[in-house]
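My questions will all concern the structure given below.
Numbers for residues simply follow the sequence, beginning at 1. All of these numbers come straight from a predicted model, not from anything done at the bench.
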Amino acid sequence: MPDHDDPIALTSAADPNDLIVVAGAGGFIGGHLVSALQKRGHRRIRAVDSKPIGQWHQRPGGVEYVQADLRPAEACYRITEGAAYVFDLAADMGGMGFIEYHRADCMLSALIGAHLLMASRDNQVRRFFFASSACVYNVDKQREADVAPLKEEDAYPAMPEDGYGWEKLFTERLCRHFSEDFGLVTRVARFHNVYGPFGTWDGGREKAPAAICRKVAEAKISGGSEIEIWGDGQQTRSFMYVDDCIEGTLRILFSDYPEPLNLGSDELVSINQMVDIVERIAGVSLRRVYNLGAPKGVRGRNSDNARIREVLGWEPGSRLEAGLEKTYAWIYDELASGRRDPSLSVA
């Protein structure tokens, strides 16, 4: 087992010349993962996404870039050829404003998971990582704002978030059975609301932290006096800074634990409290306009981190205010410079 206290040692099981494939590398988390792997000395990284490369937020040099739709099996076989490790972060997804109205599109991502698993098995990939989501959890356990933290076993009996949550839970089961039936080493993390710089912040796919940072920054720049909040602002979540997500992803991949693990902060806040924090960072106070008809998701969701502490001797530790300060500063600079979210660029 790698040394839990040494982040560089976490990938010591992988030779720097091993080929690592990151599917979904044009997305927020995938872009950070590619950069982190490079910083840890890995020299052969194949970064894959369906988006045109000009729409990716991060494009470090020395990486093999591939634009490919991974729903067809042929593409998955092609991009995993020669790979030692595969990270499946590819999905058609976004914040609640996207997934509530694109359930079929979200579920079609199951084709990516199934075909990547088949290709990884047949191409003799050593380890396969699947980025699942807290959306797999039974919605009946998330109907109150003062929610009990969700344990890994709370995904069953199954009643996940419709569309996106079902796709994630189905692909988790595929990982289990590919491991049991074919010996493919698979690892699964259930991401809880990841946020940070270099992610989507406009256009409808952004998640709550980026949307709130953008709205506050827009008001600060324009001299506006109000902010629209989806729902009544009392809904609760925990939010994990992206650096913790990347660290946890690598720890889980190289661990001996075969079952899905929560990967999230357990610092529960309401949306109103998050707005308070961003206003404090920006030095503004805005009148709140509540859009009760907007998509809101479950009433409350928090991560129970007992198992990840037990298994890895580690858990995400970044405080929300510190992470939001970095995120707000980046989004403010993007807006103030007149830059557009690259994910909205025309191909």
Could you tell me the separation between the CG atom of L250 and the CG atom of L37, rounded to the nearest 0.5 Å?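 Spacing of CG (L250) from CG (L37) equals 6.0 Å.
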
Any salt bridge between E218 and R214, counting N to O under 4.0 Å?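 Here E218 pairs with R214 in a salt bridge, since their nearest N and O are under 4.0 Å apart.
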
Which of these, H192, E315, R307, R190, sits in a side-chain hydrogen bond (donor to acceptor under 3.5 Å, both in side chains) with N262?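 For N262, the side-chain hydrogen bond (donor to acceptor under 3.5 Å, both in side chains) test succeeds with only one of H192, E315, R307, R190, which is H192.
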
Tell me whether the centres of the aromatic rings in Y241 and Y195 are closer together than 6.0 Å.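 For Y241 and Y195, the ring centres are under 6.0 Å apart.
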
What class does the angle between the rings of F87 and F129 fall in, given that below 30° is parallel, 30 to 60° is tilted and above 60° is perpendicular?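 The rings of F87 and F129 sit tilted, inter-plane angle from 30° to 60°.
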
Could you check whether any side-chain heavy atom of L268 comes within less than 4.5 Å of a side-chain heavy atom of R237, counting everything from C-beta outward? no

Do V136 and W166 have side chains that get closer than 4.5 Å, going by heavy atoms? no

Taking every non-hydrogen atom, the tightest pair across D244 and S318: OD2-N, 2.8 Å

So do the side chains of L184 and L117 get within less than 4.5 Å of each other, counting heavy atoms only?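 L184 vs L117: side chains touch.
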
Return yes when atom NZ of K151 has more than 12 non-hydrogen atoms of other residues, nucleotides or ligands closer than 6.0 Å, and no otherwise. no

Close aromatic pair by centroid cut-off 6.0 Å: Y85 and F254: yes

Between S238 and D266, a side-chain donor and acceptor under 3.5 Å: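 S238 vs D266: no donor-acceptor pair found between side chains.
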
Classify the ring geometry between Y328 and Y332 as parallel (under 30°), tilted (30 to 60°) or perpendicular (over 60°). tilted

Salt-bridge contact E247-R251 (side-chain N to carboxylate O under 4.0 Å):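 Yes.
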
Using every non-hydrogen atom in the two residues, find where A25 and D49 come nearest and quote the distance to one decimal.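 Looking at all heavy atoms of both residues, the shortest contact is N-OD2, 3.6 Å.
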
Strictly under 6.0 Å, is that where the ring centroids of W230 and Y290 end up?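 Here the rings of Y290 and W230 have centres that are no less than 6.0 Å from each other.
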
